[in-house]
Each structure stands twice: as structure tokens, then as C-alpha cells.
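Both backbone and side-chain heavy atoms feed into the values below; hydrogens, waters and symmetry mates do not. A quick note: this is a predicted structure, and the numbers were derived from the prediction, not measured. Order of listing sets the numbers, starting from 1, for every ligand and every atom in it.
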Amino acid sequence: MTNRVYIFDTTLRDGEQSPGCSMTVHEKLRMAAKLVELGVDILEAGFPIASEGDFEAVQKIGQEFSWAHVAALARAATGDVERAAAALRPAKRSRIHTFIATSDIHLKYKLKKSRQQVLDEAVAAVALARNYTDDVEFSAEDATRTDPDYLEEVCRAVVAAGARTVNLPDTVGYSVPEEYAALIGRMAKALGDSAVVSVHCHDDLGLAVANSIAAVQAGARQIECTINGIGERAGNAALEEVVMAFKTRPDRLPYQTKISSEHLYSASQLLAQTITFGPQPNKAIVGENAFAHEAGIHQDGYLKERSTYEIIDPKSVGVPESKLVLGKHSGRHALKQRCQDLGFELSKEDLDHVYQRFTALADRKKGLRNDEILALIQERQAAAAAQ
Ligand code: KIV
Ligand code: ZN
């Protein structure tokens with residue numbers, strides 16, 4: 001087994017389906033371009049049966065980013081799988097991701113189906129999907145609350161039917177690292193080289209990243225995650241956190257991804273501009289305060305030697321060179337550079353407007369923080385759109 005871990009980004013699917021996060025097709029395309037630049041291995045672009053918009057987004061992302069590996073979600077049902085296949089037709093590298101719940105709670109109250117029925121439907125969906133693509137992923141929804149013997153039976157059956165990736169989601173964010181690692185270890189051993197074991201963790205107990213990492217240590221080789229950790233309820237594992245954990249602690253976590261970490265901050269910023277909220281200020285890696293040093297003792301240590309209080313070089317995740325405010329003495333060039341760092345390539349005219357407002361404000365205040373500069377950019381964009 002190699003130490004390469006595949007990053008499956010579900011910002012545009014699990015992330016997008018949560019409150020305040022819906023995106024238009026155009027916004028999904030813009031975000032997809034950033035995810036491709038970031039180097040995600042698989043980009044889950046939507047749930048085509050769910051809406052026309054999702055269908056179109058999957059189709060257009062497959063068309064526009066022909067070199068990217070695009071996935072579409074489908075319940076384990078004929079109509080869903082066919083719709084996902086149709087949306088993925090333009091994609092050169094496509095994956096159908098089909099799922100069904102396997103826990104007794106879901107079987108009894110939601111699906112009202114027996115274990116045998118669920119197993120048969122899972123196998124049928126995978127076999128159908130294989131008619132459209134060689135690359136089929138199966139997810140056992142609520143895997144962490146599923147009887148492990150039954151889960152293993154389902155995993156073996158879907159792999160025999162042609163699934164190449166088996167995802168074992170902690171759908172309700174209920175598991176704890178040791179427990180999740182044991183479950184993943186058991187399934188990885190059962191499947192051996194026949195499939196990649198994937199993990200998909202929700203953050204209801206704040207353990208999504210810890211669980212994902214524990215699972216990789218136990219044999220998983222794909223992590224499903226989202227930018228800024230957005231997703232159903234408390235969200236999914238944050239992509240930037242798992243990636244930077246591997247990059248910062250290779251002594252303990254000797255795993256490699258293909259992510260170009262210097263694009264993490266701009267990906268986070270672009271998402272924040274697209275949906276209705278950004279990461280909280282103290283969010284690891286991409287939060288406004290993640291590299292800010294306020295306390296006197298910290299500032300003193302940091303100024304003497306950066307590593308006293310900083311374990312990650314902000315540049316390595318694309319955080320603008322200075323997290324300090326941009327002051328009234330900062331010129332147009334510095335402002336232009338900061339806008340670029342924040343993910344905005346402004347035209348000369350837009351830059352002129354933003355610069356005018358910037359100097360007026362910077363004169364009155366002590367300087368402007370990134371969020372205040374972003375507000376100026378947004379103000380200009382809104383004014384230009386209204387013209
Ligand atoms: O959380 C979950 O179980 C999911 C599946 C559809 C993969 O999002
Ligand atoms: Zn999920």
C-alpha cells in the first residue's frame with residue numbers, strides 16, 4: 001500500500017447542499033476552476049437527479065475541465081444512476097458515486113427495507129453504473145452506525161459488482177477516532193487491493209478531521225472533504241486541515257496528497273465570497289486570525305524567531321505576505337497585490353475605484369484588514385453590476 005492519499009472534494013455537493021451555501025451554475029464553475037488549480041483528485045460536482053441546476057453544473061464542469069476527474073452523486077436507484085451518467089457524459093474522466101444507507105436505524109425508519117433488499121439494491125446500482133463508467137464509488141450511508149458484519153458483507157458485494165472505491169461515511173459525525181480507525185482497518189483488510197477505502201466524516205462532535213486522519217492511519221486512501229469544512233449541519237472534514245496536517249507532521253503522518261497548498265487561502269476566500277458566510281476568524285489554516293499574533297509575549301517571540309509561535313509558514317498556504325493591516329502608506333501596487341492574494345484580479349478601472357476608497361478609509365483608520373479590503377472589492381463589484 002502506498003502513502004498517497006486521494007483528495008475527493010465535495011464542496012460543490014455536500015457543501016453546497018447545506019444552508020446558506022447554494023451556488024448557481026456559474027458560481028460552481030468558478031469554484032471548480034479553483035479546485036482544479038488546487039489539485040483535488042476528484043471533484044464531486046453535484047447530485048444530478050436533485051435539480052436541473054445540479055445536472056447542468058455536473059455537465060458543464062465535465063465539459064469545461066476535461067482533464068479533471070468529475071464525480072456525480074446518485075442514490076442506489078435506476079433513475080438516479082442514469083441521470084448521473086447523462087450529466088457526466090461530456091466528462092473524459094467520470095465517476096458515478098452511488099449510495100444507500102446501511103444502518104438499522106436508517107433501514108427501519110427511513111428506507112423501510114430489509115438488509116437483503118438494501119444489499120441487492122446496492123449491488124444493482126453499482127452494476128448499472130458500471131455500464132457507464134469503469135469508475136464507480138459506493139457509499140454505505142451511516143456506515144459508522146451499521147452492524148460491522150453486515151457492512152463487511154455489503155462492501156464485499158459491491159466490490160464484486162464492480163465498485164472501485166468503497167466509502168464508509170460517518171454520516172452523523174458520531175464516531176470517535178479510535179473506533180473509526182478500527183472499523184476502517186477491518187474493512188481495508190477485508191477488501192485488500194480490490195478497492196480504495198474512502199472516508200467521509202461529518203463534524204457534529206468536532207472530530208471530522210481527527211477521524212479522517214485516524215482512518216488514513218488504519219488504511220483508508222481517499223478522504224472526502226470540503227473547503228472551509230462546509231457541509232450538512234456542522235459540516236465535513238475541512239480539506240485545508242487534513243492537507244496541512246499531513247504536510248506539517250510528516251514525522252507522524254507520512255502521507256502525500258497532490259494539493260498545491262499555496263492555493264488554499266484563495267480557495268477559502270473565493271468560497272466565502274460565493275456563499276453567505278466565511279470561515280470563523282479562529283478557523284485553522286484559513287481563518288483571519290490563523291496567523292495573527294496579538295499578545296505581547298507572542299509578538300516578541302515571533303519577531304525574534306517566527307517558529308516560536310508559528311508551525312506553518314503562512315506563504316505555504318497562500319496567506320498574503322503580511323497579515324498586518326495595509327496602511328495609508330501602502331501604494332496602489334501593494335493593494336493590487338493584496339487583492340490578487342485574496343483571489344481577485346481587478347481591472348485597472350476597478351482597482352482605481354477600490355484604491356480611492358482605500359486611501360480615504362486608511363487615512364481615518366489605522367489601516368485596513370483583509371476583510372475590510374474584501375468589503376471594498378465587493379462594494380465595487382456590486383456598483384459595477386448595478387450600472
Ligand atoms: O454523509 C454522507 O453519508 C453522505 C453520503 C451521500 C456520501 O454525504
Ligand atoms: Zn455527507
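For the residue pair S307 / E305, a side-chain donor-acceptor distance below 3.5 Å is found, with atom types taken as modelled.
Every atom of ligand 1 with a heavy atom of E141 under 4.0 Å away is listed here by number and element: 3 (O).
Within the protein, the number of N/O/S atoms found under 2.8 Å from the Zn ion (ligand 2) is 3.
L107 and Y174 end up in different hydrophobic clusters when Ile, Leu, Val, Met, Phe, Trp and Tyr side chains are linked at under 4.5 Å. In the hydrophobic clustering of ILVMFWY residues, with side-chain heavy atoms under 4.5 Å counting as a link, V158 and V196 come out apart.
Connectivity analysis of hydrophobic side chains (ILVMFWY, heavy atoms under 4.5 Å, direct or indirect) links F47 to I49, L73, F99.
Partners of R380 under the side-chain hydrogen bond (donor to acceptor under 3.5 Å, both in side chains) rule, at least two apart in sequence or in another chain, are D350. Applying the ring-ring contact (aromatic ring centres under 6.0 Å, His included) criterion to F65, with sequence neighbours excluded, gives W67.
The nearest protein atom to atom 5 (C) of ligand 1, hydrogens excluded, is given as R13 NH2, 4.0 Å; this is a heavy-atom distance. Protein heavy atom nearest atom 3 (O) of ligand 1, with residue, atom name and distance: T171 OG1, 2.6 Å. Counting only heavy atoms of the protein, atom 4 (C) of ligand 1 lies nearest to H200 NE2, 3.4 Å.
Of the candidates Q269, R30, K28, T274 forms a side-chain hydrogen bond (donor to acceptor under 3.5 Å, both in side chains) with just one, namely R30. Of the residues listed (L151, V199, T146), the one engaging L183 in a side chain to side chain contact (heavy atoms under 4.5 Å, CB included) is L151, and it is the only one.
Taking the charged nitrogens against the carboxylate oxygens, R95 and E44 have no contact shorter than 4.0 Å, which rules out a salt bridge.
An N or O contact shorter than 3.5 Å links H202 to ligand 1 by distance. Between D14 and ligand 1, a contact under 3.5 Å exists for at least one N or O pair.
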